[in-house]
Number of protein chains: 2
Amino acid sequence: MRKSEDTRNDRRLEHFRTVAREAGLKLTHQRLEIFRELAGTEEHPDAETIFRAVQQRMPTVSLDTVYRTLWTLHDLGLVTTLGPRREGVRFDANLDRHHHFSCVRCGLVRDFESAELDGLRVPDSVRRLGSVADAHVEVRGLCATCQRDRRTSRDPKPPATRGERR
Amino acid sequence: MRKSEDTRNDRRLEHFRTVAREAGLKLTHQRLEIFRELAGTEEHPDAETIFRAVQQRMPTVSLDTVYRTLWTLHDLGLVTTLGPRREGVRFDANLDRHHHFSCVRCGLVRDFESAELDGLRVPDSVRRLGSVADAHVEVRGLCATCQRDRRTSRDPKPPATRGERR
DNA sequence: TTAGGTGCAAATTCTTTGCACCCTG
DNA sequence: CAGGGTGCAAAGAATTTGCACCTAA
């Protein structure tokens, strides 16, 4: 498993180098580290989280560089964002076709793959709205951990999707 | 068409009244107007947009009331949010099962229905991650308008998903 | 060498909160 | 009439920007 993850990350990193070179981007330490961090996690972190992780190895990076770098990667098509728009951003370096499970309570997001779901057909009515670049399934529910917590603290009102401030 | 939209909105509004009453919420003008505004649009607006719309009829509302009301409605299950988490919020009063098309360029989001997609099966591997409350399809692409613009202004670099500041 | 990239700090933008008054139930 | 709800103004977060220095190519 570890082996295949390393391979996958190497492949992603290589792709990054190629695309960056073609675009005339400089391969700075910061960019490499930020991309490496994102490519190596399944967590779909936000900028702040990536910042903290990269800061370990590179104590002088700044948060704004992380932001700038992530958006640069995004504009190059090297990472995607979760959520429909620019705001509320969490990043994803997984460019393989995949789907998402997200917990409505704690915000956890996990990728999953499914050959069956990959094959889903987009209705013609949608094609009339615009061109289709991608179609994936979003599953919402309670993750295993939150199910357990919920059972413990049985509050009648929903704890609300909000809750978790940083 | 107009007729059926009115009916739909009346039904939503009635549902709101019922749920609010049961929860012991007061039915203030502000809440009614804010909900009505959301129930009557297909646009999945953010708080600011709703605020501006409601302000027309009710010049004294404040933006913070809009925020508070939307989250209250959300906690009661009367509206859902687009995007996986609390951040980056756009709201939706459509509780019927539906899917989304969103434009990667301008951020437009449209609902669509599909009996076929409603029936999609969530893999067992996902059920192991947690309980499944909902599964829907997110389609990303370029909307008709942006396709046209793109063709006109043929810039080689992507205009980026960002772009539109308020 | 040199243009693009970075860190820093300040500026913006977005959202939430404290408090006194108001209005629904 | 009472307690939740609202508006206002101010606080807090999150994200972006201007600028001088730095470094990959």
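Throughout, a chain's letter reflects where its sequence line sits, starting with A, and its residues are numbered from 1.
- Between D:dC8, D:dA24, D:dT6, one nucleotide has an atom nearer to the side chain of B:D64 than all others, and that is D:dC8.
- More than 12 heavy-atom neighbours from other residues, nucleotides or ligands sit within 6.0 angstrom of CZ on B:R97.
- Atom CZ in A:R17 sits roughly 13 Å away from atom P in D:dA24 (whole-Å rounding).
- A continuous path of Ile, Leu, Val, Met, Phe, Trp and Tyr side chains, each step under 4.5 Å between heavy atoms, connects B:V61 with B:F35, placing both in one hydrophobic cluster.
- Here D:dT6 is the nucleotide among D:dT6, C:dT15, C:dA3 with the atom lying nearest to any side-chain atom of B:R68.
- Among the nucleotides C:dT15, D:dA24, D:dT15, the one closest to any side-chain atom of A:L63 is D:dT15.
- Of the listed nucleotides (D:dG5, D:dT15, C:dG7), C:dG7 has the atom at the smallest distance from the side chain of A:Q30.
- In this structure, the helix from C:dT1-D:dA25 to C:dG25-D:dC1 shows an angle of 50° between the axis at its start and the axis at its end, each fitted on 5 base pairs and rounded to 10°.
- Proximity of B:W71 to the phosphate of C:dT16: a side-chain N or O atom is located under 4.0 Å from OP1 or OP2.
- Distance B:Q55 CD to D:dC8 C1': 14 Å, rounded to the nearest Å.
- Applying the 4.0 Å criterion to OP1 and OP2 of D:dG4, one finds that B:T28 has every side-chain N and O outside that range.
- A:R52 has its side chain within reach of A:T49: a pair of non-hydrogen atoms, C-beta onward, lies under 4.5 Å apart.
- Among D:dT6, C:dA3, C:dT6, the nucleotide with an atom closest to any side-chain atom of A:K26 is C:dA3.
- Side-chain rings of A:H136 and A:H100 approach one another, their centers coming within less than 6.0 Å.
- For the OP1/OP2 pair of C:dT6 and a distance below 4.0 Å, the side-chain nitrogens and oxygens of A:T65 include no atom meeting the criterion.
- Looking at B:P123 and A:L117, their side chains come closer than 4.5 Å, going by heavy atoms from C-beta outward.
- Considering only heavy atoms from C-beta on, A:T28 comes within 4.5 Å of A:R31 through its side chain.
- Rounded to whole Å, atom P of C:dC23 lies 19 Å from atom CG of B:L25.
- In this structure a side-chain-to-backbone donor-acceptor pair under 3.5 Å is missing from A:H15 to A:L13.
- Closest to the side chain of B:L27, from the set D:dG7, C:dG25, D:dA25, is C:dG25.
- Atom OH in B:Y67 sits roughly 7 Å away from atom P in C:dC14 (whole-Å rounding).
- Distance A:E33 CD to C:dT6 C1': 15 Å, rounded to the nearest Å.
- B:M58 places its CE atom 15 Å from the P atom of D:dG5, with the value rounded to the nearest Å.
- Judged purely by atom type and a 3.5 angstrom limit, B:R110 has no side-chain atom pairing as donor or acceptor with the backbone of A:L129.
- Dashed line: the shortest gap from a side-chain N or O of B:H29 to OP1 or OP2 of D:dT6 is not under 4.0 Å.
- In this entry the distance linking CG of B:D46 with P of C:dT15 reads 7 Å, nearest Å.
- Summarising the geometry, the separation between CZ on B:R31 and C1' on D:dG7 is reported as 14 Å, rounded to the nearest angstrom.
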